[in-house]
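Being a predicted model, the structure only gives us computed values, none of them experimental.
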Amino acid sequence: MFTLTQTIDAAPAQVARAFTEPEPFAAWFLAEGFTTPADRVSIDARPGGLISAVFVGDGDVEVPFTLRFGEVDLPRSVVLHFDEPAEEITVQLTDLGDDRTRLDYRSMGLPADQETTIKPGVATMLGHMASYFSR
């Protein structure tokens with residue numbers, strides 16, 4: 001398990017859009033060397049619904065991926081599941097007032113070696129989210 005915290009200059013209802021709308025999702029859900037085009041993202045933000053998207057890299061490399069929604073209580077929290085590698089992600093959004101949100105991200109289920117690899121990338125993604133909402 002690992003946890004990360006990010007402060008975002010937007011109210012929780014705005015930050016929740018990062019999990020419900022293709023454009024803000026595509027702006028933060030990136031991997032090194034890849035983009036996630038908003039027109040390649042579909043989101044069904046309800047328990048059991050899916051986020052389906054495609055990472056696009058150089059040389060026409062495409063990597064499709066899917067996350068499944070667990071509990072959805074936006075703008076307060078959302079649970080997401082990756083099947084491969086098996087991971088449960090819990091995101092808590094706390095209103096700090098003055099249009100600021102503390103995002104607490106908790107990953108569970110990954111083997112320790114994968115956590116070591118994935119955690120820095122997630123920290124970068126959360127930074128992209130903060131940048132998206134501060135523009």
(request) Taking all non-hydrogen atoms of both residues into account, name the closest pair between A26 and P37 and its distance. (result) CB-C, 4.1 Å
(request) Please round to the nearest 0.5 Å and tell me the distance separating atom CD1 of I43 and atom CZ of F69. (result) 6.0 Å
(request) List the atom of G127, the atom of Q6, and the distance in Å for their closest heavy-atom pair. (result) N-OE1, 3.7 Å
(request) Report yes or no: do I89 and L4 belong to one cluster of Ile/Leu/Val/Met/Phe/Trp/Tyr joined by side chain heavy-atom distances under 4.5 Å? (result) yes
(message) With clusters defined by side-chain heavy atoms of hydrophobic residues (ILVMFWY) lying less than 4.5 Å apart, directly or transitively, does M125 cluster with V63?
(response) yes
(message) Can you tell me how the ring of W28 sits relative to the ring of F25, calling it parallel under 30°, perpendicular over 60° and tilted otherwise?
(response) perpendicular
(request) Measure the spacing between CD of E88 and CE of M1 and express it to the nearest 0.5 Å. (result) 11.5 Å
(request) Measure the spacing between CG of D9 and CG of D99 and express it to the nearest 0.5 Å. (result) 9.0 Å
(message) Less than 4.5 Å apart, side chain to side chain, heavy atoms only: is that true for T3 and D104?
(response) no
(request) Step through the shown structure and confirm whether more than 12 heavy atoms of other residues, nucleotides or ligands are within 6.0 Å of CD on E71. (result) no
(message) If we check side chain to side chain contact (heavy atoms under 4.5 Å, CB included) with S77, which of these qualifies: L74, V79, D73?
(response) D73
(message) On a heavy-atom basis, which atom in A38 and which in P22 lie closest, and how many Å separate them?
(response) O-CB, 3.6 Å
(request) Scan V41, V56, V54 and name whichever one has a side chain to side chain contact (heavy atoms under 4.5 Å, CB included) with T36. (result) V41
(message) Against L80, only a single residue in L50, I51, T90 fulfils side chain to side chain contact (heavy atoms under 4.5 Å, CB included); can you say which?
(response) I51
(request) Fit a plane to each ring of F55 and F34, take the angle between them on a 0 to 90° scale, and name the class: parallel (under 30°), tilted (30 to 60°) or perpendicular (over 60°). (result) tilted
(message) To check you understand the geometry: which heavy-atom pair defines the closest contact between T20 and A45, and what is its length?
(response) CG2-CB, 3.7 Å
(message) Parallel, tilted or perpendicular: which one describes the rings of F29 and F82, with boundaries at 30° and 60°?
(response) tilted
(message) Using side-chain contact (heavy atoms from CB on, under 4.5 Å), reason through T5 and R102 one step at a time and then give a plain yes or no.
(response) CA-CA 7 Å; T5 300; R102 185 181 76 228; 3.5 Å; yes
(message) Restricting to non-hydrogen atoms, name the atom on T7 and the atom on A130 that form the minimum distance, rounded to 0.1 Å.
(response) O-CB, 4.0 Å
(request) Identify the two heavy atoms, one from A18 and one from P24, that lie closest to each other, and give their separation to 0.1 Å. (result) CA-CB, 4.0 Å
(request) Could you tell me whether the side chain of E87 reaches within less than 4.5 Å of the side chain of Q114, counting heavy atoms only? (result) no
(request) Calculate, to the nearest 0.5 Å, the distance between atoms OG1 and CG belonging to T117 and L110 respectively. (result) 9.5 Å
(message) Would you compute the distance between atom CG of D83 and atom CZ of F65 and round it to the nearest 0.5 angstrom?
(response) 13.5 Å
(request) First locate atom CZ of F133, then atom CE of M129, and finally report the distance between them rounded to the nearest 0.5 Å. (result) 6.5 Å
(request) Report, as yes or no, whether the 6.0 Å neighbourhood of atom CG on D113 holds more than 12 heavy atoms from other residues, nucleotides or ligands. (result) yes
